[in-house]
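Here is the structure we will look at.
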Amino acid sequence: MSEKQRRAPDPAGRPLTVADVLALPVLAGGDPRVVTGLDAVDRPVRWVHITELTDPASFLKGGELVLTTGMPLPDDPAGVRRYVDELAAVGAAALVIELVRRYHRPPGALVHACRARGLPLVTLAKDVNFLEVTQVVHTLLLGNQADAMRRTQRVHEAFTALTLRGAGPEEVLRTAAETSGRTVVLENLVHRALVCETSGRTTHAALAGWEQRSRTTPPVDRVGVRGPEGWLVAPVEYRGEDWGRVVMLPGPPGSAPAPAFGPEDQTVLERAAMALTIARLTHPTPWERTAHRNALRDLVEQRHRSPADAHARITALGLPTEDCRFVAVVVDVPAAQDTARTESLLSEEVSATGTRALVGLLAPGRLGVLLALRPSQPWRPVVERLSRTALDPAPGTAVSVGSPAADLAGVPRSFREAARVAEATGPGQALPPDRSFHERSDIGLRRLLYALRDDPRVQAYAERQLGRLLDHDARHGTDLLATLRGYLDAAGNKTLAARAGGLSRETVYQRLRAIERLLGRDLESGEQRTELHVALQALDALRNH
C-alpha cells in the first residue's frame with residue numbers, strides 16, 4: 001500500500017464518513033459518482049464489507065460501506081427492493097456498485113429502491129481493488145478509534161484536574177469551549193445565561209434572544225441534541241435537583257454548516273456538566289451573583305468587543321437594555337467582612353421589590369448596582385431604598401450615585417461619576433438632611449479638594465501658600481494658622497474674627513500683620529484671601545487623609 005493510498009482527508013476528530021471514504025485515492029481512482037442519497041454522504045462509516053451474496057444484510061450490524069460488483073443482484077425489481085430494504089433496515093452507510101462486469105449503468109430498479117429508502121448509492125466506472133479499499137479504510141478506522149480513545153482520555157484528565165483544584169464555572173466552560181471548538185453556555189432554570197464562552201462567533205450571535213430560543217429547546221435528563229437550532233444540551237444538578245443546564249451550540253447562523261456533534265462533543269459536555277455539578281456544591285457564592293459581578297465589571301471597564309455584545313450579555317442575564325435608563329450606584333462598605341452580607345441584602349432587596357438591577361462586587365469593599373428603570377420612573381426613591389438597605393446593617397457605609405444614562409453606552413460614564421462622588425466623600429461625611437446617599441451636586445470646594453488630595457499639584461499648592469506659616473507655628477509654638485482660618489471664615493471681618501477666637505481686636509491685628517509679613521500676602525485683597533482660603537481647604541483635605 002503506497003503512501004498516497006494511505007493518506008486520507010483530515011476528518012478533524014470526527015467519525016470517518018461516506019464522503020471521506022469516497023475521497024480516498026484508492027476509491028477516487030474508480031471515478032465514484034453518488035447516484036442517490038447525496039444529502040446523506042455525511043453518514044459515519046463503521047466498517048467496510050465486501051459481498052457477493054443475495055442477502056448481505058444478515059452479516060451486517062450497521063454503519064458498513066457495502067462494496068459489490070453487482071453480480072449477485074436479483075434480476076426482478078421485487079428482489080432488488082428486498083435487497084435494498086434489508087440494507088437500509090440494518091443501517092448500512094452506503095451501497096457501492098462497480099459498473100465493470102455485470103452492469104455498465106446502474107439498474108433503474110436499484111436506483112428507485114435506494115432513492116425510496118434514502119440509501120446512498122455510489123457507482124464506480126472503473127475497476128477498483130476492493131480488498132485494498134478495506135485495508136486502507138480499516139487502517140484509518142482503527143487509527144481513528146485509537147485517536148478518539150486518546151482524546152477522550154485527555155478530556156477526562158482535563159476535567160478531573162479542574163474538579164480537583166476547585167475550578168469555577170467560568171474555567172469549566174472555557175475548557176469545554178477550547179476542547180470542542182464550539183460555543184458553550186451555562187444557564188439556570190429561568191433561562192438566564194450566566195456564563196458564555198464563545199468560539200467562532202460573537203457574544204451577540206451566541207446570546208441574542210437567548211431566553212426565547214432557550215425556551216423552545218426542551219429540557220433533558222441526559223446529554224442530547226434538542227430544539228430547533230440543534231443544541232447539544234446536558235443537565236446540571238445541585239443536591240439531587242435540576243439547577244440548570246449547559247449548552248453547546250452548533251455553528252453560527254448563516255455560516256458554513258458545522259460538523260454534526262460527535263461522541264467527543266458529548267463526552268466534553270457530559271464531563272463539563274459533571275464538573276459544574278461538583279463546583280456548584282463546593283462554591284458557596286451563588287453563580288447568579290458571580291455572573292452579575294462579571295457583567296458589571298465588564299461594563300465598567302468596557303471590556304465588551306462591541307455594543308451589540310454588551311446588549312446581548314446584559315439582556316441574557318434578564319436586564320432590559322431597551323426603553324429604559326440606567327443609574328449607577330457605588331456602595332463602599334467600611335468593614336470588608338460586611339461586604340458579602342451587604343451584597344446579599346441588596347440582591348434580596350431588588351428581587352423582593354421587582355427592581356430590575358445587577359448587583360455585584362466591583363473591588364474589595366466596594367459594591368456596584370446597575371439599575372434599569374423605566375424612562376418615566378423617578379430614580380431617587382429607588383436609590384434611597386437601596387441606601388437604607390446598605391446603611392442599616394453596616395453604619396459608616398457610603399452610597400454614591402452617578403447621573404442617569406440614557407442607554408447602555410452611558411453606563412461606564414455613570415459609574416465613573418459615582419466613583420468620583422465616592423472619592424470626594426471623606427470618612428464620616430455628613431449626609432444631606434433629605435436623603436441617605438451622595439450625588440454629584442454634593443461636591444463643593446471642600447469635597448473636590450478631598451477627591452484631589454493625592455494629586456501632587458494640590459499638595460504643592462497648599463505648601464506654597466501656607467508652608468512658611470506652618471513652619472513658624474511649629475518652631476515657635478504659635479497658632480497663627482488658627483487666626484488666619486478665623487479671619488477668612490469671617491470673610492475678612494476682624495471684629496467677628498476676634499470675637500470667634502476669644503481674642504482682643506488688637507491681638508488679632510498684630511497676628512494678621514505677622515501673617516502678612518510671613519506669607520508676603522495682602523489680606524485686604526479679596527483675590528489673595530480666596531487663594532489662601534482654597535489652600536486651607538486643601539490642607540484640611542490632606543490632613544483628613
Side-chain angles (χ1 to χ4, degrees), residues 330 332 334 365 395-400 416-545:
V330 166
D332 289 312
T397 294
V399 179
S400 307
R416 285 195 300 271
E417 188 174 296
R420 291 188 185 119
V421 173
E423 290 169 3
T425 304
Q429 179 74 47
L431 286 163
D434 58 339
R435 51 185 159 85
S436 56
F437 58 88
H438 304 275
E439 58 179 303
R440 185 175 60 175
S441 61
D442 297 333
I443 302 178
L445 175 62
R446 185 184 301 273
R447 293 181 64 171
L448 176 62
L449 290 170
Y450 181 80
L452 299 173
R453 62 193 180 277
D454 292 327
D455 192 317
R457 292 171 295 181
V458 173
Q459 298 170 10
Y461 178 80
E463 183 65 23
R464 186 169 63 250
Q465 293 288 336
L466 301 173
R468 282 176 290 178
L469 188 61
L470 293 169
D471 291 346
H472 181 276
D473 280 349
R475 286 194 300 268
H476 300 285
T478 56
D479 198 10
L480 294 180
L481 185 70
T483 301
L484 177 61
R485 186 189 301 277
Y487 175 70
L488 295 175
D489 287 344
N493 188 312
K494 298 180 182 67
T495 301
L496 290 178
R499 187 179 304 136
L503 303 171
S504 67
R505 291 179 61 187
E506 183 60 32
T507 300
V508 170
Y509 292 158
Q510 291 175 359
R511 291 187 178 186
L512 291 177
R513 286 194 293 271
I515 291 170
E516 287 180 321
R517 190 169 56 252
L518 285 167
L519 298 181
R521 309 304 296 256
D522 178 9
L523 295 180
E524 296 297 323
S525 166
E527 180 179 353
Q528 293 188 29
R529 284 205 305 268
T530 299
E531 291 173 351
L532 289 170
H533 186 70
V534 171
L536 273 173
Q537 297 288 332
L539 181 65
D540 291 343
L542 291 167
R543 286 179 168 176
N544 285 338
H545 178 51

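Computed from heavy atoms alone, side chains included, the values below leave out hydrogens, waters and symmetry copies.
Contact between F437 and L431 at its shortest, heavy atoms only, is N-CD2, 3.8 Å. Across all their heavy atoms, S400 and A418 have their closest contact at CB-O, 3.4 Å. Contact record, A497 with A490: N-CB, 4.0 Å, taken as the closest heavy-atom pair. Of all heavy-atom pairs spanning A422 and D332, the tightest one is CB-OD2, 3.4 Å.
The environment of E527 atom CD is sparse: at most 12 non-hydrogen atoms of other residues, nucleotides or ligands sit within 6.0 angstrom. More than 12 heavy atoms of other residues, nucleotides or ligands shown are found within 6.0 angstrom of CZ on R475.
One finds the CD atom of E531 at 5.5 Å from the CD atom of Q465 (value rounded to the nearest 0.5 Å). With values rounded to the nearest 0.5 angstrom, I515 atom CD1 is found 12.5 Å from R521 atom CZ. A distance of 9.0 Å separates CZ of R485 from CG of L466, quoted to the nearest 0.5 Å. Note: L496 CG to R505 CZ = 10.0 Å, rounded to the nearest 0.5 Å. Rounding to the nearest 0.5 Å gives a distance of 12.0 Å between CG of L469 and CD of E516.
Counting only heavy atoms from C-beta outward, the side chains of Q528 and L523 never approach each other to under 4.5 Å. Under the 4.5 Å side-chain criterion, counting only non-hydrogen atoms from C-beta, D489 is in contact with H533.
Judged by distance alone, the side chain of D473 and the main-chain N or O of L481 form a donor-acceptor pair under 3.5 Å. Not one N or O on the side chain of R511 forms a donor-acceptor pair closer than 3.5 Å with the backbone of L480.
By the side-chain hydrogen bond (donor to acceptor under 3.5 Å, both in side chains) test, T397 pairs with no residue at all, sequence neighbours left out.
At a cut-off of 3.5 Å, with distance as the only test, no side-chain donor of Y509 or R513 sits close to an acceptor on the other residue.
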